[in-house]
Amino acid sequence: MKWYNLFYVFFLLLIMSFFGCKVQNDYVAPETENPTSFSTQTTDTLSLADADWWTFFNDPVLTDLISEGLNSNLSLQNIIIGIKQSQLQLDIAKSQMYPEINYGLSAETSKTSLVPSFKNSITAVGQVSYTLDVWGRIANQNEAALQAYLATEMAVFEVKATMVSQIAELYFTLRDIDNKIYVSEQMETSMEKYKGIIDARYDGGFISKVDVNQISISLKDVQVTMQTLFRLRKQVENAISTVLGSLPKDIPRGKKLEDQVFSSELPVGVPAGLLRRRPSILKSELQLKAQLAKLGATETFKYPNFQIDFNLGAQLLDPSAVFGNLMGNMVGPIFNGNKIDNTIAIEEEQYNRMVLDYKQAYLIAFQEVEDALIAIETYKEEVVIRSHQLELAEEAYNLAWVRYNEGATSFLEFLNVQTTFFTVQLTASESYKSQLQSVVKLYLALGGGWSQTN
């Protein structure tokens, strides 16, 4: 009995010593180039992306649309289902840390030539099985499942931030189209008034048919432009409806385009903040950690697997016949044609690929911030130029009719000035819309306020 006790003590000590031999790969963040500031912005301690989206936009109708989209968008609901699946995978991985308990029931009847009567037996068995996580395989699998779950959650923040900016950009496009339709209707009314004057002069024999045809052609151009804008308006409304998770419907309007105002001061923070704030980068990092843990779990296949089984059963037809056994087994690889080594190599290369994906995510984020910053800067100047151009074009338009009325210029010159004025009105609206959208793009590029309770 002493020898058996010594054997059990030795076996227990051996098993305990294995727990210090776990395979664990420590995560080290990939190196990235981190400049101290963005090229068009000085360093500051705040960030535009820290603002909640419902305070960032100053149009209640727009914020209501964004709220509806976050509640009803089908793509977002799809991602949320993915979170539930990922959470279940995590629970499955955690279950490996606990003993597995099973039951069994078997029945048998038999007879032989020596024993002519039937011999019946019913056996009930309970089994407890537990795998010792000596090398950390289960721990690594749990870590991989946890990081994958967190990455899926981060994907939701990424989709939410993208959706907020998508709805805002579409809404600003819609208000721009509304503005252009108003400008076109005003121009159509003005041209019809002038056409009435030209028709009267033609009927009186004061001008030729050429002037009548010229203003009719210009009027048709404006009317064609209006049809294009009507078509675009409905298509943008349909696009917004889809993002909102509904069939095509009329989209309510809030403030006019020129009343959509953002602060003139747009702090963007430091470039290193992108690593801590932007969902796409954080998601990529979590996926990298999950792959590292998966690699660790794969490496444990080079070592033996230890399992303990305890069975307890009884013959139900003979209550005195109770049996039980405790069994331990160890299975390890000797030869498998480099299957394990090649599998580990595949996981290592996958990790290397994901490191590149992480670096690429950071480069793309940095590019989008820089693109948005230069867009804001140039569109801001462009809006100022367009405003001055619009004043000049309107003044020229009014003077051109006076000059034509006085016979100082031809009617064709007046139409050219009128066409220029109409074009400048449309492009001025376009420039202001682009300026608003560039601010939204910066908000998204910096993270889009994902860390707030939205």
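Below, all heavy atoms of this structure are taken into account, side chains as well, without hydrogens, waters or symmetry copies.
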- For the residue pair F414 and Y397, categorise the inter-ring angle as parallel (less than 30°), tilted (30 to 60°) or perpendicular (more than 60°).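 F414 and Y397: parallel rings.
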Are the side chains of [Y] and [X] in contact, using a 4.5 Å heavy-atom criterion?
X	Y	value
M163	I167	yes
L247	S241	no
K160	L70	yes

- Query: Between F262 and F56, is the ring centre distance below 6.0 Å?
  - Reply: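 Centroid distance F262-F56: below 6.0 Å, so yes.
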- Ring-ring centroid check Y171 F57, cutoff 6.0 Å: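 No, the ring centres sit 6.0 Å or more apart.
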Can you measure from [atom1] ([X]) to [atom2] ([Y]) and round to the nearest 0.5 angstrom?
X	Y	atom1	atom2	answer
S86	I81	OG	CD1	13.5 Å
T63	N58	OG1	CG	9.5 Å
L219	L415	CG	CG	10.5 Å
I207	F411	CD1	CZ	7.0 Å

Side chains of [X] and [Y]: do they bring a donor and an acceptor to under 3.5 Å?
X	Y	value
D309	Q307	yes
Q223	Q227	no
E347	Y351	no

- Task: Would you sort out whether S129 and E100 count as a side-chain hydrogen bond (donor to acceptor under 3.5 Å, both in side chains), showing the intermediate values?
- Result: CA-CA 5 Å; S129 179; E100 184 176 320; 6.0 Å; no
- Message: Just to verify, what does Q214 make a side chain to side chain donor-acceptor pair (under 3.5 Å) with, not counting sequence neighbours?
- Response: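 For Q214 there are no side chain to side chain donor-acceptor pair (under 3.5 Å) partners, ignoring immediate neighbours.
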- Query: Does L426 offer a backbone N or O that forms a donor-acceptor pair with the side chain of S429 under 3.5 Å?
  - Reply: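 Here the side-chain-to-backbone pair does not exist.
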- Item | R386 to Y432 six-membered ring, cation-pi geometry met (6.0 Å, 45°) |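 No, R386 does not sit over the ring of Y432.
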- Stacked cation flag K433 on F172, 6.0 angstrom / 45 deg: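 Verdict for F172: no cation-pi partner in K433.
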- Message: My understanding is that only one of R253, K255, Q260 makes a side-chain hydrogen bond (donor to acceptor under 3.5 Å, both in side chains) with D59; could you say which?
- Response: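 Exactly one candidate clears the test, Q260.
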- Item | E237 and R175 ion-paired at < 4.0 Å |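 Salt bridge flag = no for R175 with E237.
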- Mind running side-chain hydrogen bond (donor to acceptor under 3.5 Å, both in side chains) on Q147 and Q287 for me, showing each step along the way? CA-CA 7 Å; Q147 298 301 329; Q287 291 171 338; over 6 Å; no
- Give a yes or no on this: more than 12 heavy atoms of other residues, nucleotides or ligands lie within 6.0 Å of atom OH of Y202.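 Counting neighbours around OH of Y202, 12 or fewer heavy atoms of other residues, nucleotides or ligands fall under 6.0 Å, so no.
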